[in-house]
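Just so you know, these numbers use all the heavy atoms, side chains as well, and skip hydrogens, waters and symmetry mates.
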Amino acid sequence: MIQSVRGTKDTLPSEISKWHFIEEKIREVTKTYGYKELRTPIFEKTEVFSRSIGENTDIVNKEMYTFTDKGGESVTLRPEQTAALIRSVVQNNLTHDISNLRLYYIGPYFRYERPQKGRLRQFHQFGAECISSPNPEADVEIILMANKLINRLGINQYTLEINSLGNDASRATFRKELTQYLNSHREKLSVESQNRLLTNPLRVLDSKDSNDRKVIENAPNILDSLDEESKKHFESVIKLLDTAKLDYKIEPNLVRGLDYYCHTVFEFKSNSLGAQDAFGGGGRYDKLIEQMGGKPTPAVGFAMGIERLILILDSIEDNVDLSDKTDIYVVCNDEKLFGVSLQITEKLREKNYKVVSDLNRRSFKSQMREADKFSSKFCIIVGDDEYSRNSVIVKNMQTSEQAEIAIDLLNTITFK
RNA sequence: GCGGAUGUAGCUCAGCAGGUAGAGUACCAGAUUGUGGCUCUGGUUGUCGCGGGUUCGAGCCCCGUCAUUCGCCCCA
């Protein structure tokens, strides 16, 4: 037996209705916000990601699926969408004739990591990007849209954490201050954090190590070192969220791992996910487009993990009814009638009913049992007796009522 | 990349002093010859993850490997 590759998963027919449900909600919600889908290739030139996400991030230096193609070019299976999407926006000049470019995406992404609950090597994300606006309204639009989707999916138990990393200038100031503080407690930090102190000190704030946490408790607060511009932006975002009556928690230690973020960053967290408790997150990235060769253009966006959404949906007791009932199961009591039954089945499908019948020539009783197993609302019994009168029996499986109906009249009946 | 746990019928699991496997469920068939869901009866299913070793003999012991899972790292 050949097994699927580690960290990859089949989505079986029994699971697929959840995916369809989520996809449907995504299309529904993004549409109401005026977002359009953009699809990019599954793989890109490696530099698309290495340049944008940050050389010092784990994603780039240890998690990318990178290989050299036959032409000698280094290509990478996309580990996330934002960088590739921006590449496409710049390449196709999409900002040229529109004041606000609103885009969403959904698809598979790849990271070479040790699989864990809610973490696969091929996983799926949905996300959206609002491009061109430097204003807090854009941040809030993105957060509200993400939040709306979560609610439409029937998820109520979660928290929204929000923070501001400030602009380049204020972040540089804070970085200096923080590095100084952390250096003075260097020996108390974990090995990982000592390393991060050199590569990306802000991320020490994110550490789960209990000793690190003690040091972090008294660390300088990033919100205190925001400059006027950054402070004003963050305060407006908060005010707009209040107006929208959205619950959030300001979390000064929330630092996202990708280098391109500035100003607003946020995460949606759930307690039904284990250690990987974030199921969505995002932030503002005002410098990325310029960095990717476009004209300086501010933007903000978010991404959500679909596998993680499914884990949350599974943990909800009375979640949405996704059962998939068959409208009509056609049964017959004689081998000679399987042909007739097929004809009737086909005619009903013409009217868009979901109709199924037995293909194994099994006994009448077995067919009835299967009609039940498929949760059929109706079954049509093609019996030799009735057939001799050009009719069949229509049985309502919920009420057990049945009646003999002329075959010619079947298309006048509503099977609902 | 690092640490812990696990891997037996489709699914959930039992098997224990090492002697060539069992339960529930699911599935299939039947219960006076044309009617499902409940009940009853009968039946099918496994290279006991894979490879090697120890042993007269291994699902059970040892080594390796693959996979899953829970953490770390990081992120969705």
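For B:rA23, the paired nucleotide is B:rU12, the pair qualifying as Watson-Crick or G-U wobble because both relevant distances are below 3.5 Å. Within the shown strands, B:rG64 is the pairing partner of B:rC50 under the Watson-Crick or G-U definition, both distances less than 3.5 Å. Here B:rG57 sits opposite no nucleotide as a Watson-Crick or G-U wobble pair (both hydrogen-bonding atom distances under 3.5 Å). Remark: B:rG18 base-pairs with no nucleotide in the shown strands. Criterion, Watson-Crick or G-U wobble with two distances under 3.5 Å. Figure legend. B:rG71 is base-paired to B:rC2; pairs are counted as Watson-Crick or G-U wobble with both atom distances under 3.5 Å. Nucleotide B:rU41 forms a Watson-Crick or G-U wobble pair with B:rA29, both donor-acceptor distances falling under 3.5 Å.
Each of A:D385 and A:G280 was matched to the nucleotide of RNA chain B holding its nearest heavy atom; the match closer to the 5' end belongs to A:D385. Of the residues near RNA chain B, A:K9 and A:Q125, the one whose nearest nucleotide (by heavy atom distance) lies more toward the 5' end is A:K9.
Comparing the P positions of B:rA31 and B:rU47 gives a spacing of 34 Å, expressed to the nearest Å. Across B:rG4 and B:rG64, the matching P atoms stand 12 Å from one another, rounded to whole Å. B:rG46 sits 24 Å from B:rU41 when the P atoms are compared, rounded to a whole Å. The separation of B:rC2 from B:rG10, taken at their C1' atoms, amounts to 36 Å, rounded to a whole angstrom. Between the C1' atoms of B:rU12 and B:rU68, the separation comes to 16 Å (whole Å). Comparing the P positions of B:rA67 and B:rU25 gives an interatomic distance of 35 Å, to the nearest angstrom. Using P as the reference atom, B:rC73 and B:rA17 are 42 Å apart when rounded to the nearest Å. For the P atom pair drawn from B:rG43 and B:rC11, the interatomic distance equals 23 Å after rounding to whole Å.
Residues A:E251 and A:K249 are paired through a salt bridge, judged by an N-O separation under 4.0 Å between the basic side chain and the carboxylate. For the pair A:R389 and A:E404, the salt-bridge criterion is met [side-chain N within less than 4.0 Å of a carboxylate O]. For A:R369 and A:D372, the salt-bridge test fails: no basic side-chain N is under 4.0 Å from an acidic carboxylate O. The pair A:R256-A:D206 does not meet the salt-bridge criterion, since no charged nitrogen lies less than 4.0 angstrom from a carboxylate oxygen. A:K377 and A:D327 are joined by a salt bridge, as a carboxylate oxygen and a charged side-chain nitrogen come within less than 4.0 angstrom of each other. Electrostatic pairing of A:E346 and A:R349 counts as a salt bridge here, judged by a charged N lying under 4.0 Å from a carboxylate O. Under the 4.0 Å criterion applied to side-chain N and carboxylate O atoms, A:D314 and A:K18 are assigned as salt-bridge partners.
As judged by a 4.0 angstrom heavy-atom cut-off over every strand, A:E267 is placed among residues making no nucleic acid contact. Within 4.0 Å of A:G127, counting heavy atoms only, lies no atom of the nucleic acid at all. Looking at heavy-atom distances under 4.0 Å, A:E113 makes contact with a base. Residue contacts for A:D334: at a heavy-atom cut-off of 4.0 Å it reaches no nucleic acid atom on any strand shown. In this structure, A:G7 reaches the sugar-phosphate backbone alone: every heavy-atom distance under 4.0 Å involves primed, P, OP1 or OP2 atoms, never a base. When heavy atoms are screened at a 4.0 angstrom cut-off, A:I380 is found touching no nucleic acid atom at all. Within the 4.0 angstrom heavy-atom criterion, only backbone atoms of the sugar-phosphate kind lie near A:A278; the bases stay farther away. Residue A:F279 is in sugar-phosphate contact alone, with no base atom involved, counting any heavy-atom pair closer than 4.0 Å across all strands shown. Residue A:I393 is classed as a base contact, given a heavy-atom separation below 4.0 Å to a base. Among the protein residues, A:R203 comes within range of the sugar-phosphate backbone only, with heavy atoms under 4.0 Å from sugar or phosphate atoms but none that close to a base. Using a 4.0 Å heavy-atom criterion, one finds that A:Q116 contacts the bases of the nucleic acid, with or without backbone contacts as well.
A:S366 has a side-chain polar atom (N or O) that falls below the 4.0 Å cut-off from OP1 or OP2 of B:rA29. At least one side-chain nitrogen or oxygen of A:R362 sits closer than 4.0 Å to the OP1 or OP2 atom of B:rC28. Residue A:R114 places no side-chain N or O under 4.0 Å from the OP1 or OP2 atom of B:rC73. Here A:K373 reaches the OP1 or OP2 of B:rC28: one of its side-chain N or O atoms lies under 4.0 Å away. Neither OP1 nor OP2 of B:rU35 sits under 4.0 Å from any side-chain N or O of A:Q402.
A:N360 places its CG atom 10 Å from the P atom of B:rC28, with the value rounded to the nearest Å. Between the CG atom of A:L12 and the P atom of B:rC11 there is a distance of 11 Å, given to the nearest Å. Rounded to an integer number of Å, the gap from CD of A:E401 to C1' of B:rU35 is 15 Å. As rounded to whole Å, 11 Å separates atom P of B:rC27 from atom CG of A:D372. One can place CZ of A:F364 at 16 Å from C1' of B:rG30, the figure rounded to the nearest angstrom. At whole-Å resolution of the value, CG in A:L149 and C1' in B:rA76 are 14 Å apart. The distance from atom CD of A:E63 to atom P of B:rC73 is 13 Å, rounded to the nearest whole Å. In this entry the distance linking CD of A:E370 with C1' of B:rA29 reads 14 Å, nearest Å.
Only one option out of A:Y105, A:Y109, A:W19 pairs with A:H124 in a ring-ring contact (aromatic ring centres under 6.0 Å, His included); it is A:W19.
Ranking B:rU68, B:rG30, B:rC75 by closeness to the A:D206 side chain, first place goes to B:rC75.
Counting atom types as modelled, A:K395 pairs a side-chain N or O with a base atom of B:rU35 as donor and acceptor under 3.5 Å. Taking only distance into account, the side chain of A:Q81 never meets the base of B:rA76 through a donor-acceptor pair shorter than 3.5 Å.
With rounding to the nearest 0.5 angstrom, the NE2 atom of A:H263 is 8.0 Å from the CG atom of A:D168.
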Worked check of side-chain contact (heavy atoms from CB on, under 4.5 Å) between A:R186 and A:L197: CA-CA 9 Å; A:R186 193 159 192 281; A:L197 186 48; 4.2 Å; yes
Stepwise side-chain hydrogen bond (donor to acceptor under 3.5 Å, both in side chains) check, A:S190 with A:D209: CA-CA 7 Å; A:S190 62; A:D209 183 276; 4.6 Å; no
Taking only N/O atoms, report every protein-nucleotides 39-44 of chain B pair under 3.5 Å with atom names and distance.
none

